[in-house]
2 protein chains.
Amino acid sequence: MLSIRQLVTNERQQYAGPVPLTLRQRNRLDAIHRIMDTAMDLFDERGYSDVTIEEIAAASGVSPRTFYRYFGTKEGLFTADPFAAVGVDRFSGQIDTGDLPGTLERLVALIDEGPGASGGGRRTSWRGMRYVMEEPSVRAAVYGALDEEAERLTVLLRDAGESPARARVIARSCMFGAYFGALEQWHLDGRSRPLRDYVREGITALTGQTAGGRAQA
Amino acid sequence: MLSIRQLVTNERQQYAGPVPLTLRQRNRLDAIHRIMDTAMDLFDERGYSDVTIEEIAAASGVSPRTFYRYFGTKEGLFTADPFAAVGVDRFSGQIDTGDLPGTLERLVALIDEGPGASGGGRRTSWRGMRYVMEEPSVRAAVYGALDEEAERLTVLLRDAGESPARARVIARSCMFGAYFGALEQWHLDGRSRPLRDYVREGITALTGQTAGGRAQA
DNA sequence: TGCCGTATTGACAGCATCTGCCAGTTCCTC
DNA sequence: GAGGAACTGGCAGATGCTGTCAATACGGCA
């Protein structure tokens, strides 16, 4: 069974080329989106913790067992979607150990785009941002997802020549500091200024330099 | 009812001055340490997920209800202790926005000391490190604790003159990157080299400078 | 020392989350 | 169109976690 992340990635890639989904896959993807939308409706209406999975399943027309098969946990509603599936994998060519500010900015920009969403992928995920920020359990789950991405990024940085300790610290600072920290401030400020500005400001805070620099590996 | 963190802080402060604990507080603190030790024994023996709270409680001589009163959750065994209670509160005088590398290093050094453990506080917490690193749910809980500390640190940095975005990114990078990242690499390397070396190496990775500099606010 | 008010604990009931299992159904492939 | 695989739903059950309340142990005071 394809994971939600794989399904979404395939769906997104349809913008760029023909990656056809089977009927089964399309049905499941529809159900997934329906469940997520329904859940957000219920959350907005009565609050996150006062909505049970049983209710979400009933309102979405699936059995509770299916909900768990799809999302694993209640928090999976937030980590299964593109928001957390930042797709660090595509960074390998973007790392320049000689230009850390530039590298960081490019990485975060790529993360922000999501997994291949070049053609205006829907941003349903932003709807759940409120609960990511406000519900500790959801926040913890998202941190777990960021952690996995940071682990992948660590490997890439090591392959690019960084020492293990340096790679680990840079990767975590990128994901939790530059990315999530900027995201949170952006959210707190009412999402008025562009997210990119926050990222850039945060990166310069770390490096003490102005984030210019180009260079492509 | 005093929180575990408050109790431990009081206990630690006995090294510096007379902060007597009542019999009730001592009994509870004993029970807390007994439960934690017993739990680690069981975890080492059969693995984290295969040990139920009921078993921990029975082996520790308390009721399950008491376990929950003490720790809240199973993961609370790891976040209630000094490892996570890093005590960012004492940093206010340590921040120098003109010397970020030095500030970071001092902050992490203070965190590493724990809450007032100047007189050789016990480090029972290191015993649970393995599960912090290996069990996703424990890791997520510790991240939650780090998150709270990062929030406190953000406030301090803002008070010191940093912009909201910069303060947030620096605080998160400090806690998740410089601190936890270094801790993880140190653990992965068998805890041979001093932790401080990893922290210093990671900080220079972020700032691109050698971490020297003094200055006290 | 002995008593009383309060803090703390244990026991019970109950809800929600999450998993294993298996039968029935739908869809893909040949 | 037939066989096989993928998928769903329902059931039972374990575990995590919380509210409640009576019973007990402690601390303060006479």
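Note that these values count all heavy atoms, side chains included, but never hydrogens, waters or copies made by symmetry. Every chain is numbered from 1, with letters handed out A, B, ... down the list of sequences.
Rounding to the nearest 0.5 Å gives a distance of 12.0 Å between CD1 of Ile32(B) and CG of Asp37(B).
Remark: P of dC17(D) and CG of Leu77(B) are 10 Å apart, rounded to the nearest angstrom. When the C1' atom of dT24(D) is taken as reference, atom CZ of Arg28(B) falls 16 Å away, rounded to whole Å. Remark: C1' of dT9(C) and CG of Asp30(B) are 16 Å apart, rounded to the nearest angstrom.
Cation-pi check for Arg193(B) over Tyr198(B) is met; the charged atom lies under 6.0 angstrom from the ring centroid and within 45 degrees of its normal.
In this structure a side-chain-to-backbone donor-acceptor pair under 3.5 Å is missing from Lys74(B) to Val138(B).
Direction change of the helix axis from one end of the helix from dT1(C)-dA30(D) to dC30(C)-dG1(D) to the other is 30°, with five pairs defining each end axis (rounded to 10°).
The pair Asp41(B)-Arg127(B) counts as a salt bridge, with a side-chain nitrogen and a carboxylate oxygen less than 4.0 angstrom apart. At a threshold of 4.0 Å, the pair Glu162(B)-Arg158(B) does not count as salt-bridged, since none of the basic side-chain nitrogens sits closer than that to a carboxylate oxygen. For Arg168(B) and Glu201(A), the salt-bridge test fails: no basic side-chain N is under 4.0 Å from an acidic carboxylate O. Salt-bridge check for Glu149(B) with Arg172(B): failed, with every basic side-chain N at 4.0 Å or more from each acidic carboxylate O.
Side-chain rings of Tyr143(A) and Phe176(B) approach one another, their centers coming within less than 6.0 Å.
The environment of CD in Glu54(A) is sparse: at most 12 heavy-atom neighbours from other residues, nucleotides or ligands sit within 6.0 Å.
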Exercise for the section: Take nucleotides 12-21 of chain C nucleotide by nucleotide from the 5' end and write B, S or -, depending on whether a protein heavy atom sits under 4.0 Å from the base, only from the sugar-phosphate, or from neither. Expected result: ----SSBBBB
Practice task
Determine, for nucleotides 24-30 of chain C in 5'-to-3' order, which nucleotides have protein heavy atoms under 4.0 Å from the base (write B), from only the sugar-phosphate (write S), or from neither (write -).
Solution key: --BBS--
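The shortest distance between the side-chain N/O atoms of Thr66(B) and the OP1/OP2 oxygens of dG10(C) is below 4.0 Å.
There is no side-chain donor-acceptor pair under 3.5 Å between Ser49(A) and Glu135(A).
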